[in-house]
Structures are given as structure tokens and as C-alpha cells.
2 protein chains.
Amino acid sequence: MRAVTPVKHPGGSFLVTRTGAGRRVALVWSGSRTDAVRSRCRRFNDIGPEVWAVVRASSVKDVAALAGVSLGTVSNVLNRPDRVSPATRSRVEDAMRELGFVRNESARQLRAGHSRTLAYVLLDARNPFFTDVAEGAERAAEAAGLSLFLCHSDNRASREGDYLAHLVEQRVQGILVTPVDPHATVLDDVRRNGTPLVIVDRTRDDGAFCSVAVDDVLGGRLAVEHLVERGHTRVAFIGGPDTIGQVRDRLEGARAAWADAGLPDDQLTVVPTDGLTVVEGRSAGERLMGIGTRRRPTAAFCANDLLALGLLQQLSTSGATVPGDLAIVGYDDIEYAAAAAVPLTSVRQPRQELGRRAAELVLDEATNPDHVHEQLVFTPELVARRSTFS
Amino acid sequence: MRAVTPVKHPGGSFLVTRTGAGRRVALVWSGSRTDAVRSRCRRFNDIGPEVWAVVRASSVKDVAALAGVSLGTVSNVLNRPDRVSPATRSRVEDAMRELGFVRNESARQLRAGHSRTLAYVLLDARNPFFTDVAEGAERAAEAAGLSLFLCHSDNRASREGDYLAHLVEQRVQGILVTPVDPHATVLDDVRRNGTPLVIVDRTRDDGAFCSVAVDDVLGGRLAVEHLVERGHTRVAFIGGPDTIGQVRDRLEGARAAWADAGLPDDQLTVVPTDGLTVVEGRSAGERLMGIGTRRRPTAAFCANDLLALGLLQQLSTSGATVPGDLAIVGYDDIEYAAAAAVPLTSVRQPRQELGRRAAELVLDEATNPDHVHEQLVFTPELVARRSTFS
DNA sequence: TTGTATGCGTTATCAA
DNA sequence: TTGATAACGCATACAA
């Protein structure tokens, strides 16, 4: 079998085709007439008994030549087929098939001034919350005939910055981003450049951007109200670091509900963590179980489900029962929450809806001259499951 | 605060700026001199007392004009700064800052013939296996100075096809893909067009593509050998549908190990599922526990960890213990496997390594004329945890 | 060291 | 209905 190796070369995209030994030139271009290919040869390169032929990817010009029409007609077939007579159209379409023509999006975009893509720069691809948001955005993009590219910043500001810069250079239609820091100037840089940007799952007080978020204070309140209703009077809040707005807000809501119930401050313990992961949840569990049974909280509210799952696992390892020894409320209601060994009570956020609305907002900003920025705040709801019902 | 709304318009990327009521034209362009902006005005649009000014995004030409140099010099500052005298260079850089110049990647790409991006089209963004593969690819891309875009096909052939077509039109440097069907002709279409493509976690027997995969037959064998060593003589294989190559291979390995151990065929039960998800795992658990205790398997080998987690949850709900009533081996060793209520024994695949090597292969195909396709097969290993140790 | 001219592939306008 | 032509923004070869 002949090796057919595509390479890239200044001036276009090329196909390199190699002959068998002995022959000088062989143009391998599956399904095409040799002469059509030969016209696109740029460079022949002798290497001993073999010869490389460098072939440009076919363009509208090549198609026009093969079909015996003008370049403008080919473009018409592509963009306004109704303006072309059926006979010539099918001749052009045949030529396209024969040459394996694919429209060059860079050229189209250069001409059109905009691309046909959205992007979502997300913090943590391993957290199902973000992939669910992405799914919602994906569907909205699909409905608008656009593609959605996902970029994983992995919680690193430098990577986030690289991605944002690249996307702006690409002139994407719009960017959704869950930023490492919503107040970082990189976001302003994007917008100064005219690329619509929507902040997802974070907000900024200055109203400079559209954003979609969930009322985390209310979420924290719902969680703790539920625990108070279930009769708990010693509760732990597990989460951190408090540089994360979500964590601060959920704790604030928790404290408000606690105060409203007339319970003493010191019976709402804060167990800080260094992140919102399963591993951190286990470590928090160890610390929690280290407290003497008399003073130990009877319930825990975790700042997200991953923490809650880690906590659950730690308890199960150490022989404690849920909710008998400790009731648990998580946050996010990811798929694994319902599927945990003890199904988790959790605060649900409308994740797909978040993504969908974010995509719609960014498209509005991209296309509607009368666009005004909106900060949408969604309402969370508590989903009660076995982890809080003995 | 004035509304500054970016819009898109044929002919370039634009910023629309709106005046306050009463004045006719206001050019809002933060940090720029008004005259520099005015030169880029294209269209003024009276709407009652307000006026829209349509402003083109700045190009090298604008920068050159503002800096008082030629367009070529600006390009040199961008691409070969050493060829420019320090004085002019700083003048040009000032102008760039002032105009908020951002290189137009479409134009650069059109000229260069290739982009600076890779893409990974993955099956299921919710499955941590794929995000870990993506992370490995991401790092390799970063090392090569490229960006990696993630595209989520969500197991749908049509969406996969849309993404592949779009990526080919974009002339990305290379595509990694875990395809819905590795033998589908869409993959051949991509390559016929000269875009390097590497198949991830699947293989194709015809050697038409590079691929990276893991020896699933060996993985199945390892799982069952482990269970046999632990003394199990009635084992269930849980997984499906068997249209998935992985499922077939893992079962094949399981059967081979079973036969090698001299155990009777009918004591290796197959419990088919409709997918590899947590929900399917629970449903399989129900069926399994429906078998009378005398004939019921004492161990289960699940085709992936999500199934195993679902199974585990089902057992725990119904009061059965793991591994006492049923030992469990999963596959993939995702993070949640170790973090499960009963830590899961699982077959680990070198996920990040898979992604890294795939990215390297696609870059080799893109840049090395002597590239030959390689089908890499990695070796899995068994990670023993509590779910198989009573 | 800097400037000029050309082409990348596409689309749209206008003339035939 | 079709064809010729001019941009879009950038990078480079070559001329000054």
C-alpha cells in the first residue's frame, strides 16, 4: 500500500504522495483524474529513486477549471444554488466530489468577518457540573447552526489567558467563560476587542458583562433550612477556599438560615477545605470524625457534591452510617449524587439551562445592536434524598 | 455608563458605539485617540437623536498608519522583531496598544495554510476517562505551542460528523477522535482531505490511521484472573451493547482466562446492558440479585467503572455487602472508583499517556514527511482494592 | 532597516 | 444565468 501522507506547507494545505521505487512521479489522489491533480502540483522533490509531489488542496478555482465554469459560479453553487441552472450545478457538484473539495473556512471567515463557532472556557472538565452546562450551551449553539468548542483552563489563569487570546484572534462569534477570577482584566481585554463574552456561574458587580449564575446564598439557605427542619442543632459547613465566591455565598446563606432559626452561632461549625474535590471531602471527613461524639455535628452541608461524595466515602470506611451518624447535604446535584451508595440530598442548579441561556445571551450580544447586558440569576432547589432521612 | 456593544458585520469585526442623547456622534474606544478611531469608521447610522458609528477592528494597516510606518514593518514587529530598529519597534508597539490591535488569525491562517490548533472529538464528556485522555493531549499540545479544542459528540454520529466537517474546513493541524464507529467513512473523508487524524481508544484493522488504544483483551483477562485467584468459581460479566469493540474484547479476555483456569463455560454468566452508565449498572444489579443465591455469581466483572458504581449502589440499597455477597471488578480506574463507598478494584488504563501519545502522533503526521502510521497498544494493569478483598 | 507588491480562498457586486 | 473583479488581513519576497 502506498503511503499517502498529508503535510502542511506555507501557501496552503498539501498532500504528499510517494511513488513506488523505480517510477519517477505518481499522483495518488483517490477518485480523481490525474490531470486535475497535476494542475495543482507545486513542487517536485527528487529523493533518490523516489519523487515527492506536493499538491495543493483543491480550491474553488480548481473546481471551476475542472467543471469548465467561472469561479463565481462555483461560489454560487455553494451559497445560492438557486441562481445556478440545474445542468451547470450538477457539473460543478461532480467536480467538487471528484476533487474532494472542502471549503476553506479561514478564507470564508476572513471575508465574512466572523466565524461560525462559539467557545466555552471551563474551569474543570472533570466536574460534571461544567460538562452539563456545556451540554446546554452545545444545544443552543447547534440550534443556531454554530459549533461549540470546549477549552479546559484547568483552573489555571495562564491557560485561561492563552485560550482567550487565541479565541479572540480566531474572531469566534462569542465566548462563554467560567473564569478563574471574574474580575481579572483578561476578560475586559476580550471585550475591548469586540468579542462578545458571557460569564457563566460567576458574576461581576460592575455590570460590564452578561452573566448567568445561580443564587448561591439562597442555595445555602435551602440546605440549612432543610437540616434545621430535620431537627439538627449542630451542623458543619464543609468547603473552601473562601476565595471562591460560591463558597462564600453558600456559607452566607447557611449562616442566615441558621440565625433565622434562632440557633447559636457556635453550633454551626466551618470545616475549611483547600478545594472542592472528592479527596478534600475525605480529608474533611477525617477531621469531622475526630471531634468527640458529644460535640460533633449531626449533619454536614458540603459546598459541592464532590466534597459530599468524599465525605460519604470516608464515613463508610470508618464504619459510620449516613444519615444515622451524620446527615449530609451536597450541592450541584450531579448525576453521581443520586447514584451514590447513600443517595445524596443536594441543591440542584439548572445546569443545562444555565448553558443554554448563556449561549443565547452571547449570540444576542453578537447580533443584536440593541443588546443590553443582563445578569441572570437562577433559583436553585433542594432535592431531598436518603442522606438526610433516617 | 455608555453602552458599547460589539457586533459582527460583513467585511470585518466591528464595534458599535452609541452616543448619549443629543450629541450626534460619539466614538468610544477606550484608551485610543479619537482620530485613530475615526479613520476606521465605515458607516454612520442615524436613529432618531442617536447615531451609531460602525468601526472596523484595527488591522496592521491601522497600526502602520498610526505609527507612521509601512504595513510591512508592523508585520516585522510581529514576526521578526529583530529586523526592526528599537525605536520604530516601540513606536509600533505603542500604536498596537493604543488601538487594541489583535492579530486576525483567519488571515494569518489563510496565508500560512494551517492553523495553530488541534481538536479532540470525544464520545462522552461526562466520562472521566475521556477527560483524562483530553488532559494528556492538552499537555502535549501546549508543549507544541498549540491550542486544543474539545468537541463533544455525545455518542451521536451526526454530531460527530458535523464537528469533523467543521474542523476540516477550519484546516486544523490535526484531529484526535474517539469515534462512534471507527469504520465509518467519515474518518476516511477527513483524511482524504489531508487533515491528519488519529483514532483514540479504538482501532481499525486496515491500518489506514494512527491509533492509540489499550489491550482490552488483556484487561479482561487480568480482571478474571484476579477473581479466579480469589477463589471465585461463578462470575458475571456485566456490559454491553456488544457493538462496542471494548465490550467484546474485554469479554473475550475474560472468557480466555476462564477457560485457561479450567472452569466450566456456563459458570461465566453474561449480563448484557444497553450502555456503560451508572443507571445501567443499577439495572444489571437488580437482575443479578434476582438470581437464586445457590446459582448466583459470587463476583462480577463490569465492562467499565460507571457500571460498577451503579452495581455497587444497587447492592448497597438492597442490603447486600461488597465483597461479601458479591465481589466487583471495574474497568478504567476513574477517580470515583477509588473514592467509592467500597473502593473498587479496577483495570487501569494509562489515560493521560494515551492522550499525550495521540497528540504526538497527529503532530508527526502533520509535520513529518516520512511519517508512517502506527497503531499503539498500551498495557492495562489491575489495581486491587477492597471490592474484591473480604 | 524600511517600503512595495503580491497572493492565500472566499464572497459579493456589478456587468455582460 | 454566468463571468470578471475587488476586497478581507496578513506574511513574505524583493526592491529601495
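Throughout, protein chains are lettered first and strands after them, A, B, ... in sequence-line order, and every chain is numbered starting at 1.
- For the pair A:N79 CG and C:dG9 P, the interatomic distance rounds to 17 Å; values are reported in whole Å.
- To the nearest angstrom, P of C:dT10 lies 10 Å from CD of B:E169.
- The side chain of B:N104 places no N or O atom within less than 4.0 Å of a non-bridging phosphate oxygen (OP1 or OP2) of D:dC10.
- Atom CZ in B:R111 sits about 17 Å away from atom P in C:dT10, given to the nearest Å.
- In this structure, the CD atom of A:Q109 is 14 Å from the C1' atom of D:dC10, given to the nearest Å.
- The distance between atom CG of B:D62 and atom C1' of D:dC8, rounded to the nearest whole Å, is 13 Å.
- Legend: residues meeting side chain to side chain donor-acceptor pair (under 3.5 Å) with B:D94, ordered by chain and number and at least two apart, are B:R97.
- Residues passing the side chain to side chain donor-acceptor pair (under 3.5 Å) test with B:T178, sequence neighbours excluded: B:Y120.
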Residues B:L197, B:L187; criterion side chain to side chain contact (heavy atoms under 4.5 Å, CB included); working and verdict: CA-CA 8 Å; B:L197 183 148; B:L187 303 188; 4.2 Å; yes
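- In this view, B:S106 and A:Q109, B:N104 satisfy the side chain to side chain donor-acceptor pair (under 3.5 Å) rule, not counting sequence neighbours.
- OP1 or OP2 of D:dG9 has not a single side-chain nitrogen or oxygen of B:S59 nearer than 4.0 Å.
- When side chains are defined from C-beta on, B:Q170 does not count as touching B:T195, because their heavy atoms never get closer than 4.5 Å.
- For the pair B:M96 CE and D:dG9 P, the computed distance is 15 Å after rounding to whole Å.
- Annotation: salt bridge (Lys or Arg N to Asp or Glu O under 4.0 Å) contacts of B:R91 (sequence neighbours excluded): none.
- A salt bridge between B:R108 and A:E169 is absent, with no side-chain N of the basic residue lying under 4.0 Å from a carboxylate O of the acidic one.
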Can you tabulate the close N/O pairs, meaning under 3.5 Å, that link protein atoms to atoms of nucleotides 2-4 of chain C?
residue: C:dT2; atom: OP1; partner: B:S85; partner atom: OG; Å: 3.1
residue: C:dT2; atom: OP1; partner: B:T88; partner atom: OG1; Å: 3.1
residue: C:dT2; atom: OP2; partner: B:S85; partner atom: N; Å: 2.9
residue: C:dT2; atom: OP2; partner: B:T88; partner atom: OG1; Å: 3.1
residue: C:dG3; atom: OP2; partner: B:S70; partner atom: N; Å: 2.8
residue: C:dG3; atom: OP2; partner: B:S70; partner atom: OG; Å: 3.2
residue: C:dG3; atom: OP2; partner: B:T73; partner atom: OG1; Å: 2.6

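- B:R108 has no side-chain polar atom (N or O) that falls below the 4.0 Å cut-off from OP1 or OP2 of C:dC8.
- At distances below 3.5 Å, at least one donor-acceptor pair connects side-chain atoms of A:R89 with backbone N or O atoms of A:P81.
- Over its full length, the helix from C:dT1-D:dA16 to C:dA16-D:dT1 turns its helical axis through 40°, comparing axes from the five pairs at each end and rounding to 10°.
- At whole-Å resolution of the value, CD in A:Q170 and P in D:dG9 are 16 Å apart.
- Between B:H373 and B:H371 there is a side-chain heavy-atom pair separated by less than 4.5 Å.
- In this structure, the CG atom of B:D82 is 9 Å from the P atom of C:dT1, given to the nearest Å.
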